[in-house]
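In each ligand, atom 1 is the first atom listed, and ligand 1 is the first ligand listed.
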Amino acid sequence: MKKIVFRIVPAAVFSLLACVLFLPRNTQAQARLNSGNKTSVPPPILLGVAWYPERWPESRWPVDLALMQKAGIHFVRVGEFAWSIMEPTEGDYRLDWLERAIDQAGRHGIYTVLGTPTAAPPAWLTQKYPTTLRVDENGKRAEHGNRQQFNWDDPKYRELARDIASHLAQRFGHNPYVIGWQIDNEYAEVSFDLHTRADFQTWSKNYYGTLDNLNARWTTSYWSQTYTNWDQIPIETKPGNPGLLLSWKRFVSDTWRSYQKNQIDAIRRYAAPRQFITTNMMGWFDGYDHYVVAKDLNLAAWDDYVGEGHLDPYKNGATDDLTRGFKRQNFWIMETQPGHVNWAPINNDLNKGEIRAMAWENIGHGADAVSYWQWRSAMNGQEEYHGTLLGADGTPVPVYSEVSQLGREFAEAGSVLAGTSPKSQVAILHTYPSFWAINWQRHNKNYDPINELLSYYRPLHDIAQSVDIVQPTVDLSQYKLVVAPGLNVLSDAAAKNLIQYVKNGGHLLLGQRSGMKTSDNALQPERQPGPLVSLLGARVAAYYALLNPVPVSGQFGTNTSQLWAEYLNHLSPDTHVLETYGKSNGWLDGNPAIVTRSVGKGSITYVGAWMDEAGMAKLAHWMTEASGVRPAFGPVPAGIDVNARYAKDHTVFVLINFDPTEQAVNLPHPMADVLHGGTVQSVSLPRYGVAILSEKN
Ligand code: GAL
């Protein structure tokens, strides 16, 4: 029935009807926005979609906007691929359509996040200025026809990017409906052209000062790599000199930062301070150091796609925690899949209810916005098969109703979640240099540093129900327990911070492969964990890549070590052995696998084994007990995911059932049921069921 209405009712009439029919669902902020109140503040928890008005006749916009409004959508992200429409020929800026789209959205109670369109330069631009096209590792220049073909280090491209960002900011920097900016889109592709190479050489000079210093720190006497002139330094992309590789990645990170800063400065010159600036990052993507690039942003955001298969709540939650750690504050989900993607080997759909559960899990981990990519498929173009909220005929597909449910729930729970954020007793330490260093020299092809981190994260999240993922140089004093799964590259500053943390009574646990490298990705002059050896009162005698798991036993019963085994020796009298290797390759047999030492009220532990799941669970219990970590909520049945967000006067718990069967959860004490009203002492959750519970502090 609805489908017929959509097809035969003229857009303007439909829009009017929709406004009247659906207005009650507006949040207060939306209503204020509708009434043209220029000071309106966006709601605390936002639902969004990626909308591409440039792909549709303007007569269609009111229909789309009314359907968004009906779904409770608070913002659209627009513009990030529309450069050829914004500036069809050089210097001819056409932004009226964009202003009309933003204004119409605003009149439907919908805010805008405006993307700068630099991930997709127009054909006239790259044709006229060929250096703006990036060059791949084999020296081939990119061509038009796709996106991300630009050269992030090219001065001309930066000038043109600054121009378009400035024009957008002059036009929309004070538009009441524009709440923020997204710079570019998913930074990823770099260039290997000669200009970039020269810039890398200059970067190296600035970083190392003298060639003697660089040669010493990269040990270039090895294989006759000694450099006698800065312009001899190559761009290394394949596994090569570890010092050169790490420097290149640092240069890439700094270059993305300056690429981004170029546009931030252009926008900030004209934009109202209330407008935030972000970019959409990609979770564990390790093309650049996200801590470096996040420095100049107001908030971090990531694009959360499951791809093939189903949601892994641990991995997804950890990725949220990673992103929250970039700025150590709440973050946004700038894109997520409404059902399925189009780029995985099998683009299966998420189950009914899974999209909602995923969104709430994001919120539980500190997301303040969840935005679906995309509203409706372009009628042609590379992504015709991707999941959307509307079909090709412009009417809702089944997931629209699930997203609409989120719209209602976000409005319901927004005021309780306002001003809340996660707070953890446990920190997992992460650095990009360590991830890169392990990936360049895995030594065991199956040694994935993300999996290593997750092997600690999973049992720790089960127990603590909240985990931060942060850099080792941050102030760690708030944490009862700090776990460094594979802190392979250990800078002097990080080592100092960790020693201080333990001496101040903190509990530090180092995972396998920690403390092996200096900040030049050279070997530490001491055995692992390098500068922490004397604090630990032990050192790693040797490491072994394993063909098969080896037995480990002791404090945690009988377990196995997977993929990797390090044994420790030279133990101080007060360094205790928790686990010992069983019979395996002869070298490991009977030697310490895990050791620990008390340091005042604190402790330091080294785990040389990659413990199996059961062993890891016991290890996590031991370390949380020893450090006094308490669960944020309390015991829950297996499969129930718990996350907490805190404000001064109250705490909000987000409970989700990822178990296939219905689960009953008894609450530690009565709490307010935010979505259903009233006070509850227990909740019963079907698969993907969600409960939002609030209590006064
Ligand atoms: C993202 C990208 C979007 C869209 C989406 C499809 O990586 O930012 O523009 O392509 O993937 O899943």
Side-chain angles (χ1 to χ4, degrees), residues 48-56 75-86 112-122 145-150 152 180-190 256 259-260 263 277-288 290 293 297 299-311 316 319-320 322-323 331-350 354-355 358-359 362 367 369-392 397 399 403:
V49 283
W51 182 44
Y52 299 92
E54 68 274 21
R55 295 178 191 163
W56 308 101
F75 77 95
V76 284
R77 189 202 56 190
V78 300
E80 84 281 9
F81 295 117
W83 198 340
S84 68
I85 317 292
M86 293 172 177
T112 291
V113 173
L114 193 49
T116 66
T118 47
N146 222 316
R147 59 179 169 180
Q148 297 188 321
Q149 70 271 41
F150 66 92
W152 93 138
W181 298 80
Q182 175 186 301
I183 307 288
D184 205 272
N185 192 80
E186 295 190 341
Y187 309 144
E189 300 292 343
V190 303
W256 276 122
Y259 172 81
Q260 174 180 266
Q263 295 190 41
I277 301 183
T278 188
T279 194
N280 50 341
M281 294 170 159
M282 289 185 280
W284 296 100
F285 171 72
D286 71 350
Y288 58 87
H290 290 48
V293 171
L297 299 172
L299 67 91
W302 76 286
D303 294 347
D304 186 359
Y305 290 100
V306 172
E308 182 175 328
H310 290 275
L311 182 73
N316 221 59
T319 320
D320 284 332
L322 170 80
T323 309
F331 60 94
W332 277 31
I333 300 295
M334 193 56 93
E335 295 180 11
T336 188
Q337 67 191 68
H340 59 263
V341 298
N342 68 318
W343 42 259
I346 299 175
N347 297 303
N348 64 285
D349 264 76
L350 297 180
E354 198 174 0
I355 292 170
M358 183 170 162
N362 293 138
V370 175
S371 183
Y372 288 88
W373 196 94
Q374 61 175 326
W375 176 244
R376 182 180 177 183
S377 266
M379 298 311 276
N380 209 323
Q382 277 87 326
E383 296 173 302
E384 294 172 356
Y385 270 87
H386 201 282
T388 52
L389 296 183
L390 299 194
V397 297
V399 296
V403 173

What one should report as the nearest heavy-atom pair of Gln149 and Pro121 is NE2-O, 3.4 Å

For atom 4 (C) of ligand 1, the closest protein heavy atom turns out to be Glu383 OE2, 3.2 Å

Note: Val341 and Gly307 closest approach over all heavy atoms is CG2-CA, 3.8 Å

Check your understanding: Taking the six-membered ring where the residue is Trp, are the ring centres of Tyr259 and Phe150 under 6.0 Å apart?
Key -> yes

Is there a polar contact between ligand 1 and Glu186, counting only N or O atoms under 3.5 Å apart?
yes

With heavy atoms and a 4.0 Å threshold, my read on which part of Glu80 contacts ligand 1 is neither

In ligand 1, the atoms that come under 4.0 Å of a heavy atom of Trp343 are 6 (C), 12 (O)

In this structure, atom 5 (C) of ligand 1 is nearest to the protein heavy atom Tyr305 OH, 3.4 Å

So salt bridge (charged side-chain N to carboxylate O under 4.0 Å, His left out) across residues 331-344, not counting sequence neighbours, yields Arg77-Glu335

Query raised in the report: Do Glu383 and Arg147 meet the salt-bridge criterion of a basic N to acidic O distance under 4.0 Å?
Result: yes

for atom 6 (C) of ligand 1, nearest protein heavy atom and its distance come out as His386 NE2, 3.2 Å

Taking only non-hydrogen atoms of Asp303 and a 4.0 Å limit, the atoms of ligand 1 in range are 8 (O)

Nearest non-hydrogen protein atom to atom 1 (C) of ligand 1, with distance, is Glu335 OE1, 3.1 Å

Atom 9 (O) of ligand 1: closest protein heavy atom, distance to 0.1 Å, is Arg147 NH1, 2.8 Å

Discussion item. Ring centroids only, cut at 6.0 angstrom: are Trp256 and Tyr187 within range, meaning strictly under it?
Written reply: yes

For Asp304 and Asn362 the tightest heavy-atom approach is OD2-ND2, 3.2 Å

So the atoms of ligand 1 within less than 4.0 Å of a heavy atom of Phe81 turn out to be 9 (O)

So for Gln182 against ligand 1, with non-hydrogen atoms under 4.0 Å, the contacting part is neither

key: Close approach of Met282 to ligand 1, heavy atoms, under 4.0 angstrom   = no

So, Asp184 versus Thr118: side-chain donor-acceptor pair below 3.5 Å or not? yes

